[in-house]
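Note on naming: letters A, B, ... go to the chains in the order of the sequence lines (proteins, then strands), and numbering restarts at 1 for each one.
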2 protein chains.
Amino acid sequence: MSTRSEIIRIGDELIRDKGYNAFSFYDIAKALGIKNASIHYHFPTKVALGIAVLDEQMAALEALIEKGVQKEPLDKLKDFFSIYIKIEAEGKICIVGSLASDLHTLDVLLAAKLKEFANRTLEWVTDIVKEGHEKGVFRLSSTPRDKALMIITNMLASLQLTRLTGGQDFNTIKDTIIKELKA
Amino acid sequence: MSTRSEIIRIGDELIRDKGYNAFSFYDIAKALGIKNASIHYHFPTKVALGIAVLDEQMAALEALIEKGVQKEPLDKLKDFFSIYIKIEAEGKICIVGSLASDLHTLDVLLAAKLKEFANRTLEWVTDIVKEGHEKGVFRLSSTPRDKALMIITNMLASLQLTRLTGGQDFNTIKDTIIKELKA
DNA sequence: GTCTATATTCCGATAGAC
DNA sequence: GTCTATCGGAATATAGAC
């Protein structure tokens, strides 16, 4: 693993653990056993690092979408859930939720990347829901886009809320979404 | 309006606009036309201000609950929605969602208040859903607690997501929740 | 690529005059 | 209650040696 990709990985974790405005280059330097200034060799500014983190997430998203393109709608949806299952196991939150909370403090380039990422996610889940509806396996009481938004918001905010309410509600919510969706 | 309550009001707005770690006492001082140090007369620390903001929100929540205690479940739910309708009109986000993103950077006292507030909200909505189910007006495919969590997460994260996806999806989501709930 | 050293800015907080 | 002045700390970022 190159130092550059390690910095991206730790930066990503810090954003989803403490938030973009609360982590510092020192946090990363400490974790890697190098000095503060060395981070600036790989990323001139904090904004540049933030953009690299989102580029990495976007690439991972596209890879996940591509890998499941032949799957059935329900299995595609489970691929989507797998993102949040992993985050939940880490005790962290979704990067979209984290950065959305800081939106009005973000550099315009970073904010643009974030919007791109959120819209790509919404597009993907909307397509899954639409395909499931057309194949007769999903039951809808709204447009595919609205249903997709409801599923995404359930996942995104569950990670934030269950850190506060302490229960193991995350898994039952996931199951209830599927139960309500099945035709 | 006393200076103290003005500080709380602006602090609340700043948390839901920029996030707890991104706003400063100077932001408040500037908005009120006073100096930085004057804020410290009313609130010795930033944590003390944060706690006062949550205390105010908690009092408002209890007042809203109390005011609707005689209402029908659907109208109680609409009272809950009214919180988010107001926030959406301001272009801001839910304070629980904002602070939850910063949870691991918050003072323990502030974090405790936040958990208290989130649990009280969950308790309220759970009771609404349960009452609606018992009266036969709400249809459930999960426990009242799970359904309440799904409704809350829909609202909370809608405010974060629609800042990114730009649509007017917030209102249709609200309507879809009610449509799916009606027996 | 990583280091030391440093410039600069900003923030939370305190002291003391009015 | 608000002011001026200031302290101490932390963060982003740069310069230049190795």
(message) Quick one: does any side-chain atom of Ser5(B) pair with a main-chain N or O of Met1(B) as donor and acceptor, under 3.5 Å?
(response) no
(request) Report the nucleotide, chosen from dC3(C), dT12(D), dG12(C), that has the shortest atom-to-atom distance to any side-chain atom of Phe25(B). (result) dG12(C)
(request) Output yes when a side-chain donor or acceptor of Ser98(A) lies under 3.5 Å from a complementary backbone atom of Ile95(A), and no otherwise. (result) no
(message) Counting only side-chain nitrogens and oxygens, does Ser38(B) get under 4.0 Å of the OP1 or OP2 atom of dG1(D)?
(response) no
(message) By the 4.0 Å heavy-atom rule, please label Phe23(B) as base, sugar-phosphate, or nothing.
(response) sugar-phosphate
(request) Find the distance Ile39(B):CD1 to dA13(C):C1' and express it as a whole number of Å. (result) 13 Å
(message) Please confirm whether the shortest side-chain N or O distance from Thr3(B) to OP1 or OP2 of dT2(D) is below 4.0 Å.
(response) yes
(message) Let's see if you can work this out: which of dT14(D), dC3(D), dC3(C) has an atom nearest to the side-chain heavy atoms of Ala37(B)?
(response) dC3(D)
(request) Establish, yes or no, whether the cationic atom of Lys76(B) lies under 6.0 Å from the six-membered ring centre of Phe81(B) and within 45° of the ring axis. (result) no
(request) Using the closest heavy atom to pick a nucleotide of DNA chain D for each, name whichever of Ala22(A) or Pro44(A) lands nearer the 5' end. (result) Ala22(A)
(request) Please state whether the phosphate of dG1(C), meaning OP1 or OP2, lies under 4.0 angstrom from any side-chain nitrogen or oxygen of Tyr41(A). (result) yes
(request) Figure out the CG/P separation between Asn21(B) and dT12(D), and round it to whole Å. (result) 12 Å
(message) Tell me the interatomic distance from Asp27(B), atom CG, to dG12(C), atom P, rounded to whole angstroms.
(response) 8 Å
(request) Let me know the distance between CG of Asn36(A) and P of dT4(C), rounded to the nearest Å. (result) 11 Å
(message) Please report the distance, rounded to the nearest Å, between CG in Leu49(A) and P in dA11(D).
(response) 15 Å
(request) Can you tell me the distance, in whole Å, between the OH atom of Tyr26(A) and the C1' atom of dT4(C)? (result) 15 Å
(request) Look at Glu116(A) together with Arg120(A) and state whether they make a salt bridge at an N to O cut-off of under 4.0 Å. (result) no
(request) Would you kindly give the CD1-to-P distance between Ile28(B) and dA13(C), to the nearest whole Å? (result) 12 Å
(request) Report yes if a side-chain nitrogen or oxygen of His42(A) is closer than 4.0 Å to either non-bridging phosphate oxygen (OP1 or OP2) of dT2(C); otherwise report no. (result) yes
(message) It should be established whether Lys35(B) places a side-chain nitrogen or oxygen under 4.0 Å from OP1 or OP2 of nucleotide dC3(D).
(response) no
(message) Test your reading of the model: is there a side-chain donor-acceptor pair from Arg163(A) to the backbone of Ala100(B), 3.5 Å cut-off?
(response) yes
(message) Please report the distance, rounded to the nearest Å, between CZ in Phe43(B) and P in dT14(C).
(response) 15 Å
